[in-house]
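The structure appears below as structure tokens.
First the proteins, then the strands, lettered A, B, ... as listed; each starts at 1. What's counted below: heavy atoms across the whole structure, side chains too, no hydrogens, waters or symmetry copies.
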There are 2 protein chains.
Amino acid sequence: PSLKLREVASMYFTMVAAFLVILVVALQGSVPRESDFPYKVPLDPQGLLELSWNVSYPEQAVHFQLLIRELQFGILFGMSDRGEFENADLAVLWSDGHNSYFGDAWSDAKGQLHMDSQQDYQLLGARRAPEGLYLLFRRAFSTCDPKDYLIEDGTVHLIYGILEEPVHSLQAINISALHGGLQRVQLLKPNVSIPELPSDMKTMEITAPNVVIPSQETTYWCYMAELPAGFPKHHIIMYEPVVTAGNEALVHHMEVFQCAAEFDSFPHYNGPCDSKMKPDRLNYCRHVLAAWAMGAQAFYYPEEAGLAFGGPGSSRYLRLEIHYHNPLVFKGRHDSSGIRLYYTATLRPYDAGIMELGLVYTPVMAIPPGEDNFILTGYCTDKCTQLALPAAGIRIFASQLHTHLAGRKVVTVLSRDGRERQVVNADRHYSPHFQEIRMLKEVVAVFPGDELITTCTYNTEDRSRATVGGFGILEEMCVNYVHYYPQTQLELCKSAVDLGYLHRYFNLVNRFNDEEICMCPQVSVPQQFYSIPWNTFNRDVLKSLYGFAPISMHCNKSSAVRFPGEWEKQPLPSITEKLPEPVPHCPPAPGPQPAAPVPLKLGQLRR
Amino acid sequence: PSLKLREVASMYFTMVAAFLVILVVALQGSVPRESDFPYKVPLDPQGLLELSWNVSYPEQAVHFQLLIRELQFGILFGMSDRGEFENADLAVLWSDGHNSYFGDAWSDAKGQLHMDSQQDYQLLGARRAPEGLYLLFRRAFSTCDPKDYLIEDGTVHLIYGILEEPVHSLQAINISALHGGLQRVQLLKPNVSIPELPSDMKTMEITAPNVVIPSQETTYWCYMAELPAGFPKHHIIMYEPVVTAGNEALVHHMEVFQCAAEFDSFPHYNGPCDSKMKPDRLNYCRHVLAAWAMGAQAFYYPEEAGLAFGGPGSSRYLRLEIHYHNPLVFKGRHDSSGIRLYYTATLRPYDAGIMELGLVYTPVMAIPPGEDNFILTGYCTDKCTQLALPAAGIRIFASQLHTHLAGRKVVTVLSRDGRERQVVNADRHYSPHFQEIRMLKEVVAVFPGDELITTCTYNTEDRSRATVGGFGILEEMCVNYVHYYPQTQLELCKSAVDLGYLHRYFNLVNRFNDEEICMCPQVSVPQQFYSIPWNTFNRDVLKSLYGFAPISMHCNKSSAVRFPGEWEKQPLPSITEKLPEPVPHCPPAPGPQPAAPVPLKLGQLRR
């Protein structure tokens with residue numbers, strides 16, 4: 001054998017030396033300053049735990065700064081698929097009363113904690129300050145450790161737990177006895193450059209008039225505001241939240257809606273949105289002007305576009321809706337939160353528009369009960385974009401995903417000539433309780449002939465009858481509101497399965513299953529779905545139907561007016577080439593640290 | 001920040017030192033002696049490349065010794081899913097005429113070679129000998145490198161290529177111009193202990209009588225042999241191949257069949273099995289006594305059992321079938337290969353038996369055309385095993401998987417109380433051209449009430465009409481012949497979909513697709529399958545049907561006699577708990593070597 005062992009060994013020593021240098025740099029050099037954490041969110045309803053973070057796309061890592069205001073015997077912080085404490089990926093700070101330790105841990109399906117064999121939450125520092133203890137740590141987006149959470153675009157469910165007793169080891173922590181909770185955030189904020197703002201910019205605050213937050217867990221508060229008479233057309237170019245100090249953990253999300261132009265006036269109102277006292281006419285205030293949710297920052301329009309408001313043909317009336325989330329049922333909290341609009345009279349080149357993609361609100365699209373992972377797909381076909389989009393195309397710069405309570409994932413993909421080209425927006429941990437307008441990492445150009453395919457995944461494991469499409473909270477939707485410019489006449493590009501084919505399905509189920517189900521034509525579609533005996537065959541064939549049957553397209557100027565053309569029994573777009581699954585990139589250096597807790601000098605902790 | 005950097009660094013140095021020690025040991029200590037390679041197979045039809053290997057289950061690795069009889073400018077050796085040169089995992093030895101190199105490479109979907117970033121074929125040595133160059137190298141079963149082939153139980157498709165010109169780099173190798181081919185072997189031979197053989201053991205050779213191998217690629221040769229008159233019952237306890245020296249690369253597989261006992265005599269015959277001269281009665285010689293395929297070794301029965309032959313009620317006539325694979329069309333090669341049976345008159349406690357699991361040979365089980373991955377499943381139900389197996393159960397010790405040309409994978413799983421317990425036999429790279437009887441790694445105990453579920457995966461991408469079940473070479477089968485003891489009356493435990501439900505499927509397809517297909521009852525099942533327009537809906541619903549419809553069970557004493565009981569419209573076994581997917585274990589040390597070719601001192605190579 002003539003192997004040159006010396007060469008191999010020397011190569012190894014070189015690699016190892018390089019690796020150690022990188023490690024030292026990582027530990028010494030990259031402890032960030034406090035000003036380096038642009039994003040912030042309270043974790044618990046009292047605001048005792050406050051998370052700030054930054055995102056480094058070159059490093060493919062998140063740096064966290066966790067402020068613990070009243071440290072007892074440690075905390076758990078981590079991430080899991082949907083906010084559960086089982087199968088979670090955790091950074092744990094714990095103390096036995098004398099010594100404190102930090103480590104990367106995971107919880108199994110029963111919630112038992114284990115030290116992770118690969119330590120991927122890298123502690124960068126710990127610092128005492130008057131307001132509390134700051135922990136600084138770093139986590140790569142992906143670690144290729146199967147016990148670790150993969151940080152992806154879209155919603156991340158953060159979890160926290162407070163250790164109120166000393167613990168002698170990580171394994172001794174009883175998760176079910178912890179005081180803890182979850183907070184949803186978009187961790188991977190897009191790294192978009194902020195456009196220059198004009199000098200004539202003005203601001204307008206649409207805020208609640210010193211509301212007393214009701215002492216109940218959930219309140220949707222409605223407040224009507226009004227633009228000055230004769231307010232001319234302006235462009236909203238930016239907006240940001242105004243949150244009353246001290247209420248950061250209570251104000252969950254806020255939206256400003258513009259009312260319908262066909263009514264000359266709207267009544268004033270200031271009260272809960274579900275009150276019997278709320279005038280019915282407020283239901284006509286549904287056109288989104290601005291939306292914010294916890295953890296989100298200011299929203300900027302691209303510099304070529306603004307959102308038109310004011311001027312003739314546009315209502316002067318605005319509705320502010322605030323979702324107060326008050327699980328600790330605080331009493332007597334006053335709040336004047338809302339949204340500050342930044343607008344200009346110097347109109348930008350393009351009006352921005354909002355287009356609805358996904359599924360028509362119709363019961364023909366249904367989800368059987370007891371499904372953990374049922375997929376419905378809505379199409380915006382080449383035929384519709386060919387007709388309705390300008391030759392130069394449109395630019396999608398933001399997106400708001402929407403389903404009702406069973407929604408778990410939403411993805412919109414752009415396809416051209418049958419080949420998937422680009423993800424428009426994807427949230428694989430979507431929650432109906434966290435519907436932000438999100439700026440896209442990359443603006444998506446859509447041209448005539450392109451197809452936009454929106455896929456929603458639902459969980460109906462807790463339901464005993466079928467969930468049909470519709471407006472009700474227990475019915476479902478699958479929508480992506482895309483924000484784009486220049487504005488076109490196309491407001492709605494959505495689909496639903498052809499009704500004739502659905503009736504063939506009902507007939508088929510009827511004949512195949514030896515059952516006397518009344519699938520008579522006079523029975524409504526929801527009733528027919530409710531009466532199906534849901535065996536595996538009927539479920540599978542419904543999936544096959546939705547994957548095969550032609551569709552009815554809604555290629556509409558407004559919710560009621562279609563573009564001219566034949567829109568019934570359209571063929572499903574065929575996809576000949578899928579986008580490749582993203583392969584997690586696991587940087588080999590600075591690599592994971594050995595699986596031992598890191599001791600911290602925090603002094604003795606209080607009971 | 002109070003990180004103890006010194007401790008972390010010291011931990012690293014310790015780890016690194018340990019790693020280097022292991023590396024040195026691996027390079028020096030584990031070069032195995034030649035006698036350590038118990039398995040051997042020629043790779044090419046001329047026998048210029050000869051592979052021997054051993055399997056270390058504790059190390060989860062294979063050690064290869066490749067003999068290159070006439071080295072030119074290098075060779076490629078590797079593995080791929082089904083023997084293709086694209087997407088293959090390769091060890092390459094190449095020379096530019098002056099220097100020689102060894103490296104781990106992979107080929108992409110276009111067949112272009114790339115150096116692997118992780119070098120997992122570990123060169124252990126190279127040695128010149130009079131007969132040629134020996135290369136010794138090692139490969140872990142699984143490497144967790146996505147470019148690497150995962151070595152699993154069952155068939156492995158080995159590929160080889162001969163470099164006839166000097167090459168200046170790995171990337172310069174043009175795979176399509178190579179002289180190369182494939183060889184199928186079971187790499188992971190089971191590590192079973194060889195039972196003690198009795199002193200009164202006798203041998204009998206069933207061999208071809210100096211046959212001239214026809215000068216054509218494929219020949220199935222049939223030769224009739226005869227046991228002596230009055231030959232009493234014996235137990236075959238072992239058999240092994242007898243291959244004429246020099247023909248190792250031509251004798252592809254051999255089987256000895258016993259003829260049916262109902263005929264008193266069979267004609268003598270010695271000629272091709274497909275000859276018109278072959279007497280029809282030879283078709284009644286189908287009961288397998290012994291089977292061998294290239295790369296296989298001796299077959300041992302467990303010490304408590306033997307295969308009965310001879311004695312009253314058993315035919316004296318045997319048929320030897322030899323598959324000669326002669327792609328280079330050698331002329332005038334004489335061959336006297338065959339199988340040597342080892343048998344004893346001292347009967348062992350149990351007769352061994354063979355049972356057929358899987359699907360009944362019936363056209364109701366069909367595969368649509370153009371499928372790359374269509375699954376059919378055959379069941380041996382709890383009801384049948386309850387009735388037919390003894391309370392103490394049976395022991396399956398060997399298995400021969402069988403499909404026709406479209407078969408790609410075969411797996412049999414044992415399930416008890418609805419929970420999958422054990423894989424009986426699995427071949428995820430199954431080839432219908434390589435049907436060995438394989439001893440199982442672990443004997444599988446089957447008790448009354450257990451279920452045996454056999455799943456076959458088919459590829460019909462090259463076919464334009466449906467493939468139905470049946471005996472024809474273009475029809476399909478899904479069978480696992482399991483060898484077990486003690487022998488029971490149960491010869492066949494197989495299923496097929498209920499014919500009534502299949503007719504509902506034909507009706508449903510007819511109604512759903514707006515087509516006037518004659519699905520009239522007088523048309524045969526194959527004709528109905530052939531006339532289906534194969535869209536995604538009809539394909540999906542057929543899958544759903546097979547996954548849902550009740551089955552007709554064949555729980556038979558012989559192919560025609562059922563056990564008493566109701567066997568029609570039986571429910572499908574329900575599985576509440578699947579076996580977990582095997583997680584590849586990737587030992588961290590001795591780890592992969594850096595991605596650089598290893599230079600070898602081989603001297604100048606000849607053109």
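In summary, B:Asp116 and B:Lys147 do not engage in a salt bridge, as defined by a charged side-chain N under 4.0 Å from a carboxylate O.
No donor-acceptor distance shorter than 3.5 angstrom exists from the side chain of A:Ser52 to the backbone of A:Phe37, with no hydrogens or angles considered. B:Asn538 places a side-chain N or O within 3.5 Å of a backbone atom of B:Pro533 that can act as its donor or acceptor partner.
Ring pair A:Phe537/A:Phe512 is parallel by interplanar angle, where below 30° counts as parallel and above 60° as perpendicular.
Interface with chain A: from residues 540-551 of chain B, residues B:Asp540, B:Val541, B:Ser544, B:Leu545, B:Gly547, B:Phe548 qualify, criterion being any non-hydrogen pair under 4.5 Å.
A search for ring-ring contact (aromatic ring centres under 6.0 Å, His included) contacts involving B:Trp534 returns nothing, not counting sequence neighbours.
Using modelled atom types and a 3.5 Å distance limit, the side chains of A:His63 and A:Asp36 yield no donor-acceptor pair.
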